[in-house]
Trainee: 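Got a structure for you, questions after.
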Amino acid sequence: MLWIWIGLQALTVLGVAHYWRHVPRDRKIETPDGAVVILSVRDDWDGGPELIARLKTQSAPFRLLIATSGACPAAEALAAREGDWVQIVAAGVALDEGQKVHKLRAALRALRPDDQWLVFIDADIAPPERLVGRLLFPLVRGKADIVTGYRLLLPEGGPMAALVGAVEMQLATLPRSASATMPWGGAMALTREVADRLDLDAVLAGRLSDDMSIGLAGWRAKLRLRPVRDLLVASPLEGKTSDLLGFGVRQYRHIATNSFGMWGLATGVVAIQSVAWGWALLAGGWLAVAVGYGAAWGRAFVRGRIIAGVLEPEQAGKARRSLVWDMVAPFAVTWAHLVVQLLAAISNRIVWGGWVYRVKGGRVLDMERSA
């Protein structure tokens, strides 16, 4: 059993090292005409002054298409200030699909003939200057059909936020296929031709998760889904313990309600690691514990290098808070990850953005406003 444990821990270190090795150093961009950035916002959006400031410094030109329900004063004020750079589309309130999906579908119908490069972002990210240009690079060069970054959480506050960040960092630094990576809707791009080929409006109709729906449709169509590994995009994380737990459970419930097989594979991998940690602590002796901690410190070292290479210094300082968990109690990170996965599978009820949805097979069965 000891040798199995050593092999398992070596694989985890090699996996993170593989990600680090494939983080691009040159970070080439493309700046084609006809790029549009699509942003879905809630009615209580504050206008995202930091987000807008960061978007204005992007290395590639684009216009900004903001999708609202029709009752977002901050979005209307932004459009009035920015003129032609910002377009607002009012989607109304969804009755049979996710509010974000409903707004994205309205944005797709509002595209102009010269919108040829579609970039999707979330309102809660802090994008680097290279974001749009890096997402467009593989598309313009013909190396991918759908391109994606991934989030890197920046814990704000106490140890629970850092623990959630540590769990998410396990996912963020997983080895990724160069042509079959599930996209993340917070930083994703595709061409207009691919959107039309997939019939993206139909793909999203009646759904709750935009990225799961697009990713699974891309897999079925055998498209090339390519990660941009240096785009681990800063995303602040704060809130009460219940909110933080709910965030983690919701991410995996999206997976479980869209592809139970994908959820089962991910949960099985974490379960093996969790059981192995239990053996190491209870029966493996000091050598097994030393191997586990040695691997954890190795992963933390490599992840620290990844963080330093992809984030701004202030962002990197916040992201490193999550590494403390991996160094002090790596078993707790793995067990917390498994708990979140298991909780995700016990219900098809997803609370998101002020609404409660029941989802099956990725489709919204019914929905109501949350209390």
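For this chain, numbers begin at 1 and follow the sequence in order. Keep in mind that the numbers below use all heavy atoms, side chains included, and drop hydrogens, waters and symmetry copies. Just so it is clear, the model here is predicted, and its values are computed rather than measured.
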Trainee: Are Ser59 and Val132 packed together at the side-chain level, in the sense that at least one heavy-atom pair is separated by less than 4.5 angstrom?
Mentor: no

Trainee: I'd like to know whether Arg192 forms a salt bridge (Lys or Arg N to Asp or Glu O under 4.0 Å) with Asp115, so could you lay out the CA-CA distance, the side-chain angles of the two residues, the decisive distance to 0.1 Å, and finally the verdict.
Mentor: CA-CA 7 Å; Arg192 180 75 170 271; Asp115 292 329; 5.1 Å; no

Trainee: Can you tell me if Asp33 has over 12 outside heavy atoms packed within less than 6.0 Å of its CG?
Mentor: no

Trainee: Are Tyr252 and His337 close enough, and set up right, to give a ring pair (Phe, Tyr, Trp, His ring centres under 6.0 Å), and what steps lead you there?
Mentor: CA-CA 10 Å; Tyr252 268 106; His337 197 160; 5.5 Å; yes

Trainee: Trp184 side chain to Arg151 main-chain N or O, any donor-acceptor pair under 3.5 Å?
Mentor: no

Trainee: Leu153 versus Met169: any side-chain heavy-atom pair under 4.5 Å?
Mentor: no

Trainee: For the side chain of Ser259 and the backbone of Ile255, is there at least one donor-acceptor N/O pair under 3.5 Å apart?
Mentor: no

Trainee: Quick one about Arg226 and Thr148 (side-chain donor to acceptor, distance below 3.5 Å, no hydrogens or angles considered), yes or no?
Mentor: no

Trainee: Is a side-chain N or O of Arg321 found less than 3.5 angstrom from the main chain of Ala166, in a donor-acceptor match?
Mentor: no

Trainee: Identify, with sequence neighbours excluded, every residue that meets side chain to side chain donor-acceptor pair (under 3.5 Å) alongside Arg54.
Mentor: Glu50, Glu312

Trainee: Can you confirm whether Asp84 is buried at CG, in the sense that more than 12 heavy atoms of other residues, nucleotides or ligands lie under 6.0 Å from that atom?
Mentor: no

Trainee: Does any donor atom in the side chain of Asp243 or Thr241 lie under 3.5 Å from an acceptor atom in the other side chain?
Mentor: no

Trainee: Given 3.5 Å as the limit, does a donor-acceptor pair link the side chain of Asp145 with the main chain of Arg224, or not?
Mentor: yes

Trainee: Is any side-chain heavy atom of Ser209 closer than 4.5 Å to a side-chain heavy atom of Asn258?
Mentor: yes

Trainee: I'd like to know if the side chain of Arg229 reaches the main chain of Arg176, judged simply by a donor and an acceptor atom lying under 3.5 Å from each other, with no hydrogens or angles considered.
Mentor: yes

Trainee: Parallel, tilted or perpendicular, judged at 30° and 60°: which one describes the rings of Trp20 and Phe301?
Mentor: perpendicular

Trainee: Check whether any side-chain heavy atom of Arg105 lies under 4.5 Å from a side-chain heavy atom of Glu97, and answer yes or no.
Mentor: yes

Trainee: Between Arg250 (side chain) and Trp352 (backbone), is there a donor-acceptor pair under 3.5 Å?
Mentor: no

Trainee: Could you walk me through whether Met188 and Val119 satisfy the side-chain contact (heavy atoms from CB on, under 4.5 Å) test, starting with their C-alpha distance in whole Å, then the side-chain angles of each, then the deciding distance to 0.1 Å, before giving a yes or no?
Mentor: CA-CA 6 Å; Met188 174 178 63; Val119 179; over 6 Å; no

Trainee: Would you check if the side chain of Lys103 reaches a backbone N or O of Val41 as a donor-acceptor pair within less than 3.5 Å?
Mentor: yes

Trainee: More than 12 heavy atoms of other residues, nucleotides or ligands under 6.0 Å from CD of Glu314: yes or no?
Mentor: no

Trainee: Identify the heavy atoms of Ile307 and Leu323 that sit nearest to each other, and give their distance.
Mentor: CD1-CD1, 4.1 Å

Trainee: Can you tell me if Trp335 uses its side chain to pair, donor with acceptor, with the backbone of Gly278 under 3.5 Å?
Mentor: no

Trainee: Has Trp355 got more than 12 heavy atoms of other residues, nucleotides or ligands less than 6.0 Å from its CH2?
Mentor: yes

Trainee: When you group the ILVMFWY residues by side-chain heavy-atom contacts below 4.5 Å and let the links chain together, are Trp279 and Phe331 in the same group?
Mentor: yes

Trainee: Would Phe260 and Met182 show up in the same hydrophobic cluster when neighbours are defined by side-chain heavy atoms closer than 4.5 Å?
Mentor: yes

Trainee: Ring of Phe137, cation from Arg27 - is the NZ or CZ under 6.0 Å from the centre and inside 45° of the axis?
Mentor: no

Trainee: Which residues pass the side chain to side chain donor-acceptor pair (under 3.5 Å) test with Ser274, sequence neighbours left out?
Mentor: none

Trainee: Quick one: does Gln58's side chain have a donor or acceptor within less than 3.5 Å of a partner on Leu131's backbone?
Mentor: yes

Trainee: Gln315 versus Leu152: any side-chain heavy-atom pair under 4.5 Å?
Mentor: no

Trainee: List the steps and the verdict of side-chain contact (heavy atoms from CB on, under 4.5 Å) for Lys240 and Met160.
Mentor: CA-CA 9 Å; Lys240 299 179 296 184; Met160 181 55 69; over 6 Å; no

Trainee: Testing the 3.5 Å rule here: is there a donor-acceptor pair between the side chains of Thr257 and Asn348?
Mentor: no

Trainee: So, taking the atom named CE in Met1 and the one named CG in Leu8, what distance separates them when rounded to the nearest 0.5 Å?
Mentor: 8.0 Å

Trainee: Start with the C-alpha gap between Leu111 and Leu118, add the side-chain angles, then the distance that decides, and say whether side-chain contact (heavy atoms from CB on, under 4.5 Å) holds.
Mentor: CA-CA 9 Å; Leu111 291 174; Leu118 313 184; 3.9 Å; yes

Trainee: Considering only heavy atoms from C-beta outward, does the side chain of Ile29 approach that of Leu136 to under 4.5 Å?
Mentor: no

Trainee: Output yes when a side-chain donor or acceptor of Gln99 lies under 3.5 Å from a complementary backbone atom of Ala94, and no otherwise.
Mentor: yes

Trainee: Once you round to the nearest 0.5 Å, how far does CD1 of Ile146 lie from CG of Leu139?
Mentor: 9.0 Å

Trainee: Between Gln273 and Gln9, does any side-chain donor sit less than 3.5 Å from a side-chain acceptor?
Mentor: yes

Trainee: Just wondering, do Ile6 and Trp3 contact through their side chains at under 4.5 Å, heavy atoms?
Mentor: yes

Trainee: With a 4.5 Å heavy-atom cut-off, do Leu231 and Arg130 have their side chains touching?
Mentor: yes

Trainee: Should we count CZ of Arg305 as having more than 12 external heavy atoms under 6.0 Å?
Mentor: no

Trainee: Atom CG in Leu55, atom CG in Leu39: separation rounded to 0.5 Å?
Mentor: 7.5 Å

Trainee: Between Trp85 and Phe62, how do the two ring planes meet: parallel, tilted or perpendicular, split at 30° and 60°?
Mentor: tilted

